[in-house]
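Shown next, in structure tokens, is the structure this report addresses.
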Amino acid sequence: MYQNLEEPRWDLASYTVSLTHTWMTAGFVGDAPVLLAKPQTYMNLSGESAGPLAAYYKLPLNRVIVFHDDLELPCGVLRLQEKGGHGCHKGLKSVINHFRRNREFARLRIGIGRPPGQMDPKAFLLQKFNATARERIDAALPEGVVALRCILHEGLAGAARWFNQEQKYKYMRSETMSA
């Protein structure tokens, strides 16, 4: 449905803002200006980057999308979510705290799956992905770009309905293939 959306145009200058400990780049998707920011803090301290950045640019939180990993989703599956809590994700908890405890921002979650067997979740989160997980995550990243383009063209609610349905079927297909 949204496969042929216009390619984003990015400024050639990427830069790091030391005040907010953030790597950033700016560009356009169609005529919509977009600012991409990647915190350069530890994951659990992401709010120390995101909060001041949103404040500096005076971004209303309904214009912010936080991209984060999620243990509860199968590896490589994405979900768009309009708002919500932190779900025990310490980095997301930090972002919420630095947004003055406001949870009214969108999230694009990428599944990393559950730890195998009795493995400690902390150890699982800190290890490198195996080849299969890396392949699934690498394949999901371009789909995330499609999701972001859909949001700009259709709005968050419409994009989430379509995108999450596509991801549901992707997960069902992958389960059928592996069985």
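Side-chain atoms are counted along with the backbone in the values below, which use heavy atoms only and exclude waters and symmetry mates.
- Judged purely by atom type and a 3.5 angstrom limit, Gln40 uses its side chain to pair as donor or acceptor with the backbone of Lys38.
- The minimum heavy-atom distance between Ile137 and Gly111, with the atom names listed, is CG1-O, 4.4 Å.
- Hydrophobic clustering places Leu61 together with Ile96 (ILVMFWY residues linked when any side-chain heavy atoms are closer than 4.5 Å, directly or through intermediates).
- Within 6.0 Å of the CD atom in Glu135, the count of heavy atoms belonging to other residues, nucleotides or ligands does not exceed 12.
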Notebook entry, point to check: Going through the checks in order, is the side-chain contact (heavy atoms from CB on, under 4.5 Å) test met by Leu73 and Leu78?
Noted result: CA-CA 8 Å; Leu73 288 175; Leu78 298 164; over 6 Å; no
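- The list of side chain to side chain donor-acceptor pair (under 3.5 Å) pairs with a residue in residues 63-75, not counting sequence neighbours, reads Asp69-His89, Asp70-Arg109, Glu72-Arg114.
- Both Phe67 and Phe163 are members of a single hydrophobic cluster when ILVMFWY side chains are connected at heavy-atom separations under 4.5 Å.
- Residues passing the salt bridge (charged side-chain N to carboxylate O under 4.0 Å, His left out) test with Lys83, sequence neighbours excluded: Glu104.
- Interatomic distance, Arg79 CZ to Asn164 CG, rounded to the nearest 0.5 Å: 5.5 Å.
- Each of Leu71 and Met43 belongs to its own hydrophobic cluster when Ile, Leu, Val, Met, Phe, Trp and Tyr are linked at side-chain heavy-atom distances under 4.5 angstrom.
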- Run the numbers on Leu108 and Val66 for side-chain contact (heavy atoms from CB on, under 4.5 Å), then give the verdict. CA-CA 6 Å; Leu108 178 57; Val66 174; over 6 Å; no
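- In this structure, Met24 and Tyr57 have side chains that are in contact, with non-hydrogen atoms separated by less than 4.5 Å.
- Taking CG of Asn97 as the reference point, atom NZ of Lys90 lies at 13.0 Å (rounded to 0.5 Å).
- Between Ser46 atom OG and Lys93 atom NZ the span is 14.0 Å, to the nearest 0.5 Å.
- Atom CG of Leu80 is separated from atom CD of Glu166 by 12.0 Å, given to the nearest 0.5 angstrom.
- Minimum interatomic distance between Ser94 and Gly47 (heavy atoms only, all atoms of both residues): OG-N, 2.9 Å.
- The line from CD of Glu48 to CG of Leu45 is 4.5 Å long, rounded to the nearest 0.5 Å.
- Within a 6.0 Å sphere centred on CZ of Arg161, heavy atoms belonging to other residues, nucleotides or ligands number 12 at most.
- With Arg107 contributing its side chain and Gly84 its backbone, the two residues share a donor-acceptor pair below 3.5 Å.
- Side-chain contact between Val146 and Cys150 is present, with heavy atoms from C-beta onward closer than 4.5 Å.
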Test side-chain contact (heavy atoms from CB on, under 4.5 Å) on Asn62 and Val64 and set out the steps. CA-CA 6 Å; Asn62 66 354; Val64 172; over 6 Å; no
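- Under the 4.5 Å side-chain heavy-atom criterion for ILVMFWY residues, a single connected hydrophobic cluster contains both Phe99 and Leu35.
- Leu53 CG to His21 NE2: the interatomic distance, rounded to the nearest 0.5 Å, is 12.0 Å.
- The local environment of CZ in Phe124 is crowded, with over 12 non-hydrogen atoms from other residues, nucleotides or ligands closer than 6.0 Å.
- For the residue pair Thr22/Ser49, the side-chain donor-acceptor check at 3.5 Å is satisfied.
- For the pair Arg103 and Phe105, the NZ or CZ position fails the cation-pi test of under 6.0 Å to the six-membered ring centre and within 45 degrees of the ring normal.
- Across Ala140 and Ile110, no two heavy atoms sit closer than the pair CB-CD1, 4.0 Å.
- The closest side-chain heavy-atom distance from Leu125 to Ile112 is below 4.5 Å.
- Taken together through direct or relayed side-chain contacts under 4.5 Å among Ile, Leu, Val, Met, Phe, Trp and Tyr, Phe129 and Leu141 form part of one hydrophobic cluster.
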Next on the checklist: Arg134 vs Lys128, test: side-chain contact (heavy atoms from CB on, under 4.5 Å). Steps then yes/no.
Outcome noted: CA-CA 9 Å; Arg134 179 83 260 162; Lys128 290 186 178 194; over 6 Å; no
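- Here the closest non-hydrogen pair linking Pro115 and Pro121 is CG-CA, 3.8 Å.
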